[in-house]
Amino acid sequence: MDYLKTLNPAQRTAVTVGTGQALVLAGPGSGKTRVLTHRIAYLIQGLGVHAHTILAVTFTNKAARQMEARLEALLPGGAPGVWLGTFHANCAKILRRESQYLPFDNHYVIMDADDQLAILRRVIKDLNLDEKTFRAANIHAAISNAKNNLVTAGDFPTRSYREEVTKRIYERYQDTLRTSNAVDFDDLLLETVRLLVENPPVRERYARRFEHVLVDEFQDTNLVQYELLKLLASYHANIFVVGDEDQSIYRWRGADYRNVRRFEEDYPACQKILLEQNYRSTQTVLDAARAVIEHNPYRTPKHLFSDRGKGERIVLYETADDHAEAAFVVDTIQQWLRNGKAGGGDFAVMYRTNAQSRLLEEACLRAGMPYRLVGALRFYGRREIKDLIAFLRLVHNPQDEVSLARVINVPPRGVGEKTLVALNMAARQANLSPGWLLIDLGRKGSDSPYWGRFNGRSGLVLSDIGALLAAWRSANEDGLPLPALFDRILADVGYQEYIDDGSQDGPDRWENVEELRRLAYEYADRGLNDFLENLALVSDQDTLPEGAASAPTLLTLHAAKGLEFAQVFIIGMDEGLLPHSRSRDDHEETAEERRLFYVGLTRAKDRVYLVRANTRSTYGAPEVQEPSRFLEDLPEELVQRHGQRRNGYEEDHRKLSPPPAKTWGINGSIPWRPANPAQTSTPIIHQRFFPADRVRHPVWGEGIVLESRTQDGDETVDVFFETVKFKRLVASLANLEILPKK
DNA sequence: AAGGCCCTTCTTTTT
DNA sequence: GAAGGGCCTT
């Protein structure tokens with residue numbers, strides 16, 4: 001067992017800990033995933049445990065895949081048979097197998113967030129409720145929250161009018177799911193728990209099967225997940241969990257880091273192992289991160305240490321506005337790339353909200369710099385993708401009312417509100433789902449008993465659609481391969497002509513369809529069911545191509561968990577963004593925002609840049625921003641400040657360089673010279689340009705110097721030109737002429 | 001029934 | 001500054 005030799009003592013203790021319960025509290029970069037994979041390898045190879053009796057649960061598909069890859073490296077042939085996947089994927093698998101005990105059959109479809117909102121909007125309308133008072137999104141949150149806490153529609157409290165109404169919506173929503181032969185994300189977990197609680201023989205079967213249960217990111221489990229684990233481990237009670245309270249960032253999804261403490265109470269004999277050696281970051285990064293996280297109450301103190309040395313100070317850079325913020329990030333990265341001291345894949349840019357990626361993308365495009373964007377794009381959220389998935393879902397499960405409503409008139413074929421209502425009415429009276437009624441209409445035409453329920457024109461149109469659906473279903477049952485089915489649907493409805501309609505983004509949309517088609521090819525031998533299940537459970541966060549990246553990565557702080565990069569930019573270090581305004585008044589939520597910042601900081605191996613903007617456009621209009629309160633937590637000696645003024649040292653600064661007579665620059669604010677010269681600068685050359693200097697460029701004309709610094713034997717000047725706005729120039733090449741002060 | 005235009009509203013974070 | 005909904009016209 002050579003692989004044990006590569007572990008440090010604490011890691012080895014964790015990997016080889018005896019049976020029973022183990023709680024591994026692992027700081028960032030301490031080899032958490034390593035411990036988990038080695039543990040599995042040790043169980044199989046060292047203790048002779050059968051792979052198929054091991055259940056390993058992760059939160060993201062990305063993490064699951066990563067573990068799979070590492071297992072393959074560790075064990076010859078990998079560890080096939082291990083139930084390795086996300087909570088949701090493992091539950092889907094169990095539900096599919098045990099559908100005989102469930103209120104839906106094994107052709108059930110999984111409703112995503114958009115589908116859920118669509119159902120709720122309709123329910124709210126059907127109940128004649130005011131859509132402003134009862135917003136679908138809020139109701140959705142309430143229902144999801146209930147489900148995460150094991151509260152079913154029947155159990156939903158009615159202490160207030162609002163709760164009463166919510167309960168009614170919840171019930172109707174649940175009815176729609178069932179008549180659609182569907183579950184939502186939360187049902188996957190809740191129904192599995194219910195299955196195991198209500199059917200002792202089934203519980204017994206799974207509990208006996210899973211000799212070992214291992215859990216990653218345990219701090220992010222919610223109550224349903226915790227119960228599920230307890231049920232699954234109820235026979236052998238071998239449960240090995242790994243987590244870090246300080247990295248709990250999914251409270252809003254019901255995650256409760258106190259499950260860590262609950263675990264210790266529920267399993268008093270559990271062995272607790274701390275992993276404190278960090279193999280990722282410099283001591284400066286760790287010290288800064290600790291200074292931040294120590295402001296949070298109720299946590300297990302940890303002493304992370306690193307032997308990587310002190311490293312570079314954290315750069316705090318302030319810009320005039322959000323455009324300059326993005327420009328700074330892109331320019332800085334490009335500088336590193338140009339001098340060959342870093343590769344594109346060394347960089348990550350992190351932000352609190354997806355909306356912040358837009359300006360970054362634009363800046364990258366303008367600079368001609370390739371980048372990888374995680375999430376945000378919402379490939380699966382695109383109209384054309386959702387359309388095609390809806391067709392496929394209908395073939396798989398004609399009861400899916402959400403999908404039917406989505407595509408019954410795609411491409412437009414004359415089915416409007418009236419026809420749809422007629423269809424639904426007829427279906428309800430026939431005690432049949434609209435989808436099945438449609439198929440009957442398609443198969444029998446005017447001989448169908450339902451034909452008479454529609455006027456001539458809509459009857460014709462509906463039976464046409466029904467005929468298509470019926471034909472697709474038979475083709476699928478006769479074993480038509482998935483890609484061929486996909487093509488057939490495209491051809492039958494004339495989808496290409498519909499989506500690539502000569503408009504500007506037509507070709508892009510069609511390209512997306514082809515991308516989905518390519519994906520269908522990969523599932524050719526696994527079939528429609530697996531394809532749909534994966535589409536539902538694989539998120540946009542997982543679309544990031546793996547392997548050595550050569551371009552900077554743009555991602556949210558949430559998506560960054562579990563990853564590491566040589567250099568990390570965290571942008572939007574402003575009050576209202578981080579911490580987010582929605583969490584301002586709640587201590588627990590502010591604490592979570594702090595953990596989010598902590599997660600971001602600890603992703604960095606070598607360098608951190610914290611960037612903020614003095615004004616920023618949130619909706620449309622620019623608004624003045626205050627620096628994030630978290631910046632105050634950083635010890636001054638770990639930080640280098642650059643860019644615009646920052647309260648505190650503003651006064652000193654005025655003495656050093658008198659403000660120019662005329663207000664210039666962006667939004668009327670005046671950039672000043674940094675208080676401390678850059679640590680990295682090599683003062684061999686004499687600095688020629690200073691903030692607020694007026695300069696002339698042969699091409700771009702007159703501009704004003706925002707900032708200048710000497711670095712790597714040259715002087716880099718940031719200039720704001722009237723013509724082309726912000727530019728970063730190398731002084732020796734740019735041929736800049738200094739103009740006399742006005 | 002469909003498409004176009006204007007209005008509002010909105011933004012956390014994701015399986 | 002986008003996307004969805006409501007209201008208008010064809």
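Each chain gets a letter, A, B and so on, in the order its sequence line appears, and its residues count up from 1.
As a whole-Å value, the separation of Arg358(A) CZ from dT11(B) P is 17 Å. Taking atom CG of residue Asn61(A) and atom P of nucleotide dT15(B), one finds them 7 Å apart after rounding to whole Å. In this entry the distance linking CZ of Arg582(A) with C1' of dT9(B) reads 12 Å, nearest Å. Distance, Phe185(A) CZ to dT14(B) P: 12 Å, rounded to whole Å. In this structure, CZ of Arg65(A) is placed 11 Å from P of dT15(B), rounded to the nearest angstrom. Between the CG atom of Asn222(A) and the P atom of dT15(B) there is a distance of 14 Å, given to the nearest Å. The distance from atom CG of Leu117(A) to atom P of dT15(B) is 16 Å, rounded to the nearest whole Å. Between Gln356(A) atom CD and dT13(B) atom C1' the separation is 11 Å, expressed in whole Å.
Contacts of Arg121(A) with the nucleic acid, taken as non-hydrogen atoms under 4.0 Å apart, involve only primed sugar atoms and P, OP1 or OP2.
Among residues two or more places apart in sequence or in another chain, the side-chain contact (heavy atoms from CB on, under 4.5 Å) test is passed with His580(A) by Arg352(A), Thr353(A), Arg582(A), Ser583(A), Glu593(A). Under the ring pair (Phe, Tyr, Trp, His ring centres under 6.0 Å) criterion, Phe263(A) pairs with Phe218(A), Tyr267(A), not counting sequence neighbours. Checked against side-chain contact (heavy atoms from CB on, under 4.5 Å), Ala89(A) has the following partners two or more places apart in sequence or in another chain: Thr86(A), Leu537(A). Residues that satisfy the side-chain contact (heavy atoms from CB on, under 4.5 Å) test with Glu564(A), not counting sequence neighbours, are Arg280(A), Lys605(A). The ring pair (Phe, Tyr, Trp, His ring centres under 6.0 Å) search around Phe134(A) returns none, not counting sequence neighbours. The salt bridge (Lys or Arg N to Asp or Glu O under 4.0 Å) search around Arg594(A) returns Asp633(A), not counting sequence neighbours. Partners of Arg366(A) under the side-chain contact (heavy atoms from CB on, under 4.5 Å) rule, at least two apart in sequence or in another chain, are Glu362(A). Scanning for ring pair (Phe, Tyr, Trp, His ring centres under 6.0 Å) contacts around Tyr206(A) gives an empty result, with sequence neighbours left out. By the side chain to side chain donor-acceptor pair (under 3.5 Å) test, Trp83(A) is found to be paired with no residue, residues two or more places apart in sequence or in another chain being considered.
To the nearest whole angstrom, the two C1' atoms, one in dT11(B) and one in dG6(C), are 22 Å apart.
Remark: Arg96(A) is positioned above the aromatic ring of Tyr108(A), its terminal NZ or CZ atom under 6.0 angstrom from the ring centre and at most 45 degrees off the axis. Cation-pi contact between Arg595(A) and Tyr598(A): absent, since separation from the ring centre below 6.0 Å together with deviation from the ring axis within 45° is not met.
Contacts of residues 244-257 of chain A with DNA chain B (heavy atom under 4.0 Å): Tyr250(A), Trp252(A), Arg253(A).
Side-chain contact between Ile570(A) and Tyr351(A) is absent, with no heavy atoms from C-beta onward closer than 4.5 Å.
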Name the pairs: protein N/O against N/O of nucleotides 1-4 of chain B, kept only if under 3.5 Å.
{"from": "dA1(B)", "atom 1": "OP1", "to": "Gly416(A)", "atom 2": "N", "distance (Å)": "3.3"}
{"from": "dA1(B)", "atom 1": "OP1", "to": "Thr419(A)", "atom 2": "OG1", "distance (Å)": "3.1"}
{"from": "dA2(B)", "atom 1": "OP1", "to": "Gly414(A)", "atom 2": "N", "distance (Å)": "2.8"}
{"from": "dA2(B)", "atom 1": "OP2", "to": "Asn409(A)", "atom 2": "ND2", "distance (Å)": "2.8"}

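Here dC10(B) is the nucleotide among dT13(B), dC10(B), dT11(B) with the atom lying nearest to any side-chain atom of Arg135(A). Counting only heavy atoms from C-beta on, Thr60(A) has its side chain closest to dT15(B) among dT9(B), dT15(B), dT11(B).
Running 5' to 3' along DNA chain C, contacts with non-hydrogen atoms of chain A at under 4.0 Å begin and end at dG1(C) to dG5(C).
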